[in-house]
Amino acid sequence: MIFITVNFNLELIKMVNKPIYLAASLLAILGVIAIGASTDNSVLAQSDKVQASIVPGASTLTDTAVSPNPIEAKVGQTVVWTNDDSAFHTVTSGLIGAADAGKMFDSGLAGPTALTAKGKTFEHKFDTAGEFDYHCTLHPAMTGKIIVT
């Protein structure tokens with residue numbers, strides 16, 4: 001009789017615990033899915049492009065003419081500047097009037113990379129770490145910096 005009671009109790013425990021195990025497993029799976037959905041995936045899947053906007057009215061601005069400023073990028077990423085202004089602009093490396101101005105990158109005043117109209121883009125890939133100044137040749141007060149790590 002003791003054996004039957006013990007065996008009955010073990011079967012009862014197994015039956016009660018099975019739904020608990022199923023519920024706990026389901027909650028664990030849903031928890032993992034929820035954590036994955038809410039994670040900042042920019043760390044996990046870093047884009048190879050960083051976006052920057054030449055803001056409306058930029059020609060009358062200074063270091064706020066491009067957003068964000070400074071632009072932060074990683075080595076190997078490409079910065080894409082979009083002209084969201086109605087005026088013509090350039091994205092030219094270096095400080096205005098410096099001997100090396102435009103040597104690293106320059107959207108130019110003509111051609112396919114020129115930022116001649118709203119919606120036009122210019123891009124440059126940064127292969128080395130450092131801080132890089134840039135400006136607009138047509139509007140010298142428009143200045144910015146790219147920080148590449």
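None of these values were measured; they are calculated from a predicted model.
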Can I get a per-line list of side-chain donor-acceptor pairs under 3.5 Å for residues 49-58, giving both atom names and the distance, sequence neighbours left out?
from: Lys49; atom 1: NZ; to: Glu123; atom 2: OE1; distance (Å): 3.4
from: Lys49; atom 1: NZ; to: Glu123; atom 2: OE2; distance (Å): 3.4
from: Ser53; atom 1: OG; to: Asp84; atom 2: OD2; distance (Å): 2.5

Query - Test ring-ring contact (aromatic ring centres under 6.0 Å, His included) applied to Phe132 - qualifying residues, sequence neighbours left out - result: Phe126

Query - Phe88 versus Leu115, closest heavy-atom pair with distance - result: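 So the two residues come closest at CD2-O, 3.4 Å.
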
Report summary line: Minimal heavy-atom distance between His89 and Asn83, with the atoms involved, is CD2-OD1, 3.6 Å

Query raised in the report: Do Val75 and Ile146 sit in the same hydrophobic cluster, where Ile, Leu, Val, Met, Phe, Trp and Tyr count as joined when their side-chain heavy atoms come under 4.5 Å apart?
Result: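 Yes; tracing contacts between hydrophobic side chains, which count when under 4.5 Å, links both residues.
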
Requested in this report: State yes or no: do Ile96 and Tyr134 share one hydrophobic cluster built from I, L, V, M, F, W and Y residues joined by side-chain heavy-atom distances below 4.5 Å, directly or via other members?
Outcome: no

Query raised in the report: Tell me, which pairs form a side chain to side chain donor-acceptor pair (under 3.5 Å) where one or both residues lie in residues 107-122, sequence neighbours left out?
Result: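 Listed by first then second residue: nothing to list.
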
Report task. Sort and list the pairs that fulfil side chain to side chain donor-acceptor pair (under 3.5 Å) and have at least one residue in residues 91-106, not counting sequence neighbours. Result -> Thr90-Thr92, Thr92-Asp106, Thr92-Thr137

[atom1] of [X] to [atom2] of [Y]: how many Å apart, nearest 0.5 Å?
{"X": "Asp127", "Y": "His124", "atom1": "CG", "atom2": "NE2", "result": "7.0 Å"}
{"X": "Cys136", "Y": "Leu61", "atom1": "SG", "atom2": "CG", "result": "11.5 Å"}
{"X": "Lys74", "Y": "Ile147", "atom1": "NZ", "atom2": "CD1", "result": "11.0 Å"}

Pairs under 3.5 angstrom only: tabulate donor-acceptor contacts from the side chains of residues 65-73 to other protein residues two or more places apart or in another chain.
from: Asn69; atom 1: OD1; to: Lys145; atom 2: N; distance (Å): 3.1
from: Asn69; atom 1: ND2; to: Asp63; atom 2: O; distance (Å): 2.8
from: Asn69; atom 1: ND2; to: Thr143; atom 2: O; distance (Å): 3.3

Query raised in the report: Taking only residues two or more places apart in sequence, or in another chain, which ones meet His135 in a side-chain hydrogen bond (donor to acceptor under 3.5 Å, both in side chains)?
Result: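 Partners of His135 by the side-chain hydrogen bond (donor to acceptor under 3.5 Å, both in side chains) criterion come out as none, since no residue qualifies.
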
